[in-house]
Amino acid sequence: MSTAVYSKKPKLEFSVGRIANLTESSVVASSGQTVALVTMATSSPEMNMVNHDYNVVLKHFLKTKCQKESSSAMFPLMVEYRQRHHAVGKIPTSATRSDNRRMTNAEVLASRAIDRALRPLLQLPTNRNGSLLESQDEAVHLTCSIQACPISEDGSAGGHPVALALNAASVALKDRLQEPVAAVYLCLMQDGTVVEDSSRSFAMDINNGVIGELLYAGTRENVVMMEFSGNLDEARLVELISKAHELIQARIQTQQSTLSRLTSVTDECDEALRLALGLDSSVSATIEDVGTPKRMKEIMEIADVIYDEAFHYCKTQVGDAALRLFGVTFTDEGQQSHTAVSVHSEKKSGVLPGKALRGRREHLIHEEIRRLLQGFLPTDVQLASVYQSLQEYDFSITNSLAEAIGSKILKESMQEAAVKYKCRADGRSTRIIRPIEAEVPALPEVVHGSALFTRGETQVLCTTTLGPPKDGILISDPYESSSLAVGQVPDDAPFNDLPVGSLRYLRNQEYLESDMNSRKVRASREQTGDSGTLRDRRRAFLQYDFPGYSKGEVKNGPGTSASRREIGHGALAEKSILPILPPPGEFPYTIRMTSEVTSSNGSSSMASVCGATLSLLDAGVPIKAPAAGVSIGLVNNGSIELLVDLTGTEDHYGLMDFKIAGTEETVTAFQLDVKQPLPLSVVTEALELARQGRIEILKEMNVQSEKTSDGAVSGLRPRSELKPTAPRVEIVRFDPVRKKDLLGPGGVVIRQMEDRFNVSLDLTQEGQCLLFGDDRIMVKKAKAAVMDLVSDVEVGVTYEGTVIELRDFGAIIELLRNKEGLCHVSELATKEEIRNHPSGSLGLVNQLLQVGQKFDVVCTAVDVIQGTIRVRPASKKK
């Protein structure tokens, strides 16, 4: 990729405050013909300081300090990304033709990407006095709406809408971010070209030579968010990431230039406002000075001192116990060395403690901290009096302190245990993967493919179902062109070389009679039969389900709608699997994969990748290579330590969740979530650790699948044959001009054939007919019928003919379903026999043949102009 040609995009421009000037901030960003409107509104009110009660203010600052220090504190951000239909020149297809509908999956995924890029750099909002807001619930609402987005074949007319919206959001947040965040979308082509910010996602469109897509967001020095899908090795991937980081520098400079040109507006103080209104301005001076900025700062410092003293007091008492919770035994002093990445063996190293036991241990530490705080007083006498007064005012402040201090102690203990001792809460070292179990198949053979994959306490039940192309998901997103759907048939597809249907065999199936009243014909009389499925439907997809019971929780209601988390994790698992699936020309089935999380304690999406791979192998799908996934975490207490195969606790207290999936040789997808910006060197190291982890996981998957499947799935290769319950497929290629013969008036012919043979037929514009059915024999019969309809009669070829009419000049013979030929009487007898027969030529023909009689005939002539065919009995010599 070092010699790659780089395709540049139009200039990035921002306009601040031109539209929606009543909201707190608004930005219109444009890149070529792509335009995004981003607005920011705050929904959390400032703390009411009218009362100016000392305990109220002190309680506010102390609770805010607790929220800031707690690992579970969420920054006040909600992102809503919307793709307007008018942006692509389309009218919505909803009943009301309105854009105000439930968010699509694509919008949810974009919202999550923008959220994850901005959240690590958000600063808690402040009021005019410089104090933090009391409420953090939905304090900042970002709305990103795409107002114009050209959808072209190469996407060169404008910028990528998600990257553009993210850049605009960084400008809209202004000083709420620690530093600007910039994003870029890169597409790597097979010829080495790197396309920047295409206005559409190529979605791994192999026909256009795409081998990798990267959405990258970072600051001047660090990375904050990445999403990738494709099929690249780690070396080329690091090059692509470095290129992305280089490209965002100009965008950061553009953001800073835009912000520097803005004029700051300072709110007038209350005294000036009272004076302008003609009110007594001296009233403010009589109010107790607790509400003044100087006094507020003093109270904030008092809250910080109380918290810090309480923290160090509790840390001294329970610090060693917290380290023991994370596996430190204190038997080995000093820095521990790394071990090689491997899978934990319960036979050799024992059973790891479960989530429930670790949860009880955490609870005991929290309870001990709460007990210690009940007797805690600051060392300063005056400060102790203030704290006692606050406890009398609101005793719940002790619980807030206990929760925040307990969370911080556990976080620091986990960091120290991992960095210094290489220990973790479940007894593993930092390079050990939890024990793996796999059962293939996990369900009876009525299910086309199934697998139960377990890693530690994370377990998924995965299935694969095969069907005809028309069972694929219809693409209705106007931002995704139907001609670019996943699964489009390339021009060089293998079955394009199949011979045009011919009948060099004896047909023995019964004559296909037309039944205008058959069930399918009556139900689908208006349908044409041309589904175009390989072009406007997604032929492969994974559906991810995360029920409440997987975490031992009870969901309110039936839980039929997926959460944002489910949509995001399912999309990541799907992107990880799609690059290893065979092209439609090799395997023309629709492939539906499901992953039901039955138990969750970290990285269920990566477990879904492993389980889905095994279910594909059990279904007999000829995948290119088996895939697996693993998550890499990070802790940092001055020194950085990476963790392989995260659990829920480590995700909660850690600083990074880097989910990476792929084969032994390449990465197919990854998603990076961080809680603070990271240097690129950490990303490179994490990719290498994930590669080692995938290799170990694939080895274990191989051993487990071969053992449980009795050798049917061996060497991580698919079954040699599909299961008996899976549908069978036959392919017939025909001249596209003959398509009308297969369809018939209003689709009658194709529907009647589906009804008679119990098969599914899919026709393409290129001239392929795909036949799917559960019964192999009926599929063969349907294939013969289709070939009859689309084949042309050839001179010199022998056919099995059926007599359909007798005339004085000869017999009318049906050769194919829609082809009739004449066997002249002279081909049946000599001139003397015809002349001397007592009943004439008609009598002779009736004597030799009967209506419905079948016999082999040879085509002797085809008159294309007049449309006539001449045949003779095959038994007669030339």
Side-chain angles (χ1 to χ4, degrees), residues 499-516 730 732-735 737-745 748-750 752-753 756-757 769 777 780-878:
V500 174
S502 62
L503 291 181
R504 293 181 176 88
Y505 58 88
L506 296 179
R507 297 182 295 115
N508 54 12
Q509 64 271 20
E510 294 183 3
Y511 180 72
L512 181 63
E513 297 178 356
S514 175
D515 181 5
M516 296 296 292
E730 291 285 351
V732 177
R733 180 172 175 263
F734 59 90
D735 186 344
V737 177
R738 305 297 301 276
K739 188 175 180 179
K740 62 182 184 302
D741 297 327
L742 274 176
L743 295 176
V748 169
V749 173
I750 190 172
Q752 198 274 336
M753 290 180 64
R756 180 178 183 84
F757 296 109
C769 177
I777 296 177
K780 292 290 185 182
K781 290 183 177 181
K783 178 181 179 180
V786 169
M787 295 178 75
D788 278 355
L789 288 170
V790 299
S791 298
D792 286 321
V793 176
E794 300 177 25
V795 176
V797 177
T798 300
Y799 300 95
E800 182 188 47
T802 303
V803 179
I804 60 174
E805 187 177 356
L806 299 177
R807 305 292 292 273
D808 57 351
F809 51 80
I812 308 300
I813 309 296
E814 183 203 35
L815 305 178
L816 303 175
R817 298 298 187 196
N818 60 344
K819 295 294 182 181
E820 298 175 357
L822 171 64
C823 183
H824 195 266
V825 65
S826 62
E827 300 287 356
L828 300 173
T830 64
K831 292 182 179 180
E832 292 183 359
E833 291 175 335
I834 298 173
R835 186 169 49 249
N836 298 329
H837 196 279
S839 300
S841 60
L842 180 59
L844 176 60
V845 172
N846 278 279
Q847 178 183 334
L848 297 175
L849 299 175
Q850 295 179 357
V851 174
Q853 180 181 343
K854 297 180 180 181
F855 65 104
D856 292 344
V857 294
V858 177
C859 177
T860 58
V862 176
D863 190 330
V864 179
I865 298 177
Q866 296 184 4
T868 60
I869 300 173
R870 298 293 294 267
V871 299
R872 62 173 173 80
S875 58
K876 180 181 178 181
K877 296 181 180 180
K878 292 185 181 180

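- Counting heavy atoms from C-beta outward, V845 and R807 have side chains that stay 4.5 Å or more apart.
- Dense packing is recorded around NZ of K740, with more than 12 heavy atoms of other residues, nucleotides or ligands lying under 6.0 Å away.
- Inter-residue side-chain proximity for I750 and L742 is flagged as unmet; no heavy-atom pair is nearer than 4.5 Å.
- Here the CD1 atom belonging to I813 is positioned 8.5 Å from the CD atom belonging to Q853, to the nearest 0.5 angstrom.
- S841 places a side-chain N or O within 3.5 Å of a backbone atom of D808 that can act as its donor or acceptor partner.
- Rounded to the nearest 0.5 angstrom, R756 CZ and K781 NZ are separated by 8.5 Å.
- Smallest separation of non-hydrogen atoms from C823 and R872: SG-CA, 4.3 Å.
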Note to self: If you apply the rule side chain to side chain contact (heavy atoms under 4.5 Å, CB included), what do you find for V803 with F855, and how did you get there?
What the structure shows: CA-CA 8 Å; V803 179; F855 65 104; 3.6 Å; yes
Note to self: I'd like to know whether I869 forms a side chain to side chain contact (heavy atoms under 4.5 Å, CB included) with L822, so could you lay out the CA-CA distance, the side-chain angles of the two residues, the decisive distance to 0.1 Å, and finally the verdict.
What the structure shows: CA-CA 6 Å; I869 300 173; L822 171 64; over 6 Å; no
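- To the nearest 0.5 angstrom, E805 atom CD is 8.0 Å from E820 atom CD.
- In this structure, the side chains of L815 and V857 come closer than 4.5 Å at one or more pairs of heavy atoms.
- A pairwise comparison of heavy atoms in L849 and A811 identifies CD1-CB, 3.7 Å as the closest pair.
- Of all heavy-atom pairs spanning L806 and Q850, the tightest one is CD1-CA, 4.3 Å.
- Taking both residues in full, the closest heavy atoms of I834 and L844 are given as CG1-CD2, 3.6 Å, listed atom of the first, atom of the second, then distance.
- Among all heavy-atom pairs drawn from C859 and E794, the shortest one is CB-O, 3.3 Å.
- No donor-acceptor pair closer than 3.5 Å links the side chain of Y799 to the backbone N or O of E814.
- Rounding to the nearest 0.5 Å gives a distance of 11.5 Å between OG1 of T860 and NE2 of H824.
- For the pair P873/L828, a side-chain contact is recorded, criterion being any heavy-atom separation below 4.5 Å from C-beta on.
- Rounding to the nearest 0.5 Å gives a distance of 7.0 Å between CD1 of I804 and CD1 of I812.
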